[in-house]
S.K.: 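One structure, as structure tokens, below. Some questions next.
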Amino acid sequence: QVQLVESGGGSVKAGGSLRLSCAAYGDPYSSYCMGWFRQAPGNEREGVAVIDGDGSTTYEDSVKGRFTASQDNAKHTLYLQMNSLKPEDTAMYYCVADYKSCSGGYVPGADHFGYWGQGTQVTVSS
């Protein structure tokens, strides 16, 4: 069983930066695929970035070069550094995890992940 707790959301102007954190509690952290999804009002959940258990990362095309996912195994924490934020990045951001690998070179769909955090809101104004 895994519990995920996000923090770090907020409101920024376009071009600004935020860093999201996700604390993981439960089974061995290093064996997970972990990542970030987001959902804007009226839209489906969209995968943003994932990190596999071997440390490999994959990003959704619209955030490549702007977002960086990383993890601190000692602190059991996943991060998402978001730079050059755009209004279209406005969404609820969710931390996700699962025991299944995600090293296929793409961000898996939402149904790949069995564990979800409660979400943290990111709002980017123009």
Side-chain angles (χ1 to χ4, degrees):
Q1 190 73 10
V2 177
Q3 287 184 305
L4 305 171
V5 180
E6 303 101 331
S7 60
S11 298
V12 295
K13 291 187 176 180
S17 299
L18 283 173
R19 188 175 82 155
L20 306 183
S21 299
C22 171
Y25 303 92
D27 288 340
Y29 170 87
S30 61
S31 65
Y32 305 155
C33 165
M34 296 190 69
W36 296 92
F37 272 65
R38 64 186 179 186
Q39 186 171 25
N43 291 354
E44 294 185 355
R45 290 186 177 185
E46 173 189 42
V48 175
V50 293
I51 297 182
D52 202 20
D54 63 1
S56 60
T57 56
T58 307
Y59 298 93
E60 190 268 332
D61 286 346
S62 69
V63 307
K64 285 180 181 177
R66 300 188 299 122
F67 290 11
T68 302
S70 62
Q71 58 188 21
D72 184 330
N73 288 335
K75 295 182 179 179
H76 294 188
T77 302
L78 178 72
Y79 302 99
L80 185 67
Q81 178 66 44
M82 304 185 294
N83 299 327
S84 302
L85 282 160
K86 304 175 180 180
E88 51 264 43
D89 293 318
T90 295
M92 185 71 78
Y93 282 71
Y94 297 91
C95 179
V96 298
D98 202 89
Y99 297 107
K100 299 187 293 293
S101 172
C102 57
S103 60
Y106 62 95
V107 179
D111 59 1
H112 180 93
F113 297 93
Y115 300 101
W116 291 72
Q118 81 286 353
T120 185
Q121 178 69 36
V122 171
T123 302
V124 184
S125 59
S126 57

S.K.: Tell me whether M92 shares a hydrophobic cluster with V107, the cluster being built from Ile, Leu, Val, Met, Phe, Trp, Tyr side chains joined at under 4.5 Å.
M.R.: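 Cluster IDs for M92 and V107 match.
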
S.K.: Of the non-hydrogen atoms in A97 and M34, which two are nearest, and what is the gap between them?
M.R.: CB-CG, 4.0 Å

S.K.: Describe, in one word, how the ring planes of Y99 and Y115 are oriented to each other, choosing from parallel (under 30°), tilted (30 to 60°) and perpendicular (over 60°).
M.R.: perpendicular

S.K.: When clusters are formed by joining ILVMFWY residues with side-chain heavy atoms under 4.5 Å apart, either directly or through shared neighbours, do V63 and I51 land in the same one?
M.R.: yes

S.K.: Do R66 and M82 touch side chain to side chain, with heavy atoms closer than 4.5 Å?
M.R.: no

S.K.: Which heavy atom of L4 sits nearest a heavy atom of C95, and at what distance?
M.R.: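 The answer is CD1-O, 3.5 Å.
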
S.K.: Can you tell me if D98 uses its side chain to pair, donor with acceptor, with the backbone of C33 under 3.5 Å?
M.R.: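 Pair absent, no side-chain N/O of D98 close to backbone of C33.
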
S.K.: In terms of hydrophobic clustering (I, L, V, M, F, W, Y; side-chain heavy atoms under 4.5 Å; direct or indirect links), are Y59 and F37 co-clustered?
M.R.: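 No, Y59 does not connect to F37 through the hydrophobic network.
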
S.K.: Any side-chain heavy atom of Y106 sitting closer than 4.5 Å to one from V50?
M.R.: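 They are not in contact (no side-chain heavy atoms under 4.5 Å apart), so the answer is no.
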
S.K.: Rounded to the nearest 0.5 Å, how far apart are CD of E46 and CZ of R38?
M.R.: 4.5 Å

S.K.: Closest heavy-atom contact between L80 and A49?
M.R.: CD1-CB, 4.4 Å

S.K.: Considering non-hydrogen atoms only, spot the tightest contact between G9 and T120 and give its length.
M.R.: N-OG1, 3.2 Å

S.K.: Donor-acceptor pair, distance only, cut-off 3.5 Å: does the side chain of T123 make one with the backbone of T90?
M.R.: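 Not a single qualifying donor-acceptor pair exists.
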
S.K.: Kindly check if the number of other-residue, nucleotide or ligand heavy atoms within 6.0 Å of CD (Q3) is above 12?
M.R.: no

S.K.: Quick one, Y94 and R45 - any side-chain contact, counting heavy atoms below 4.5 Å?
M.R.: yes

S.K.: Using a distance-only test with no angle check, is there a side-chain donor-acceptor pair under 3.5 angstrom linking S101 and D52?
M.R.: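 Side chains of S101 and D52: pair found under 3.5 Å.
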
S.K.: If Ile, Leu, Val, Met, Phe, Trp and Tyr residues are connected whenever their side-chain heavy atoms lie under 4.5 Å apart, and connections chain through other members, are L85 and L20 in the same group?
M.R.: yes

S.K.: Could you tell me which non-hydrogen atom of P87 sits nearest to which non-hydrogen atom of A14, and how far apart they are?
M.R.: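 In terms of heavy atoms, the two residues are closest at CD-CB, 4.1 Å.
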
S.K.: Between SG of C22 and NE2 of H76, what distance do you get to the nearest 0.5 Å?
M.R.: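 Going from SG on C22 over to NE2 on H76, the span is 12.5 Å.
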
S.K.: Check G119 against E6 and note the closest heavy-atom contact, atom names and distance.
M.R.: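 Shortest heavy-atom separation between G119 and E6 comes out as N-OE1, 2.9 Å.
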
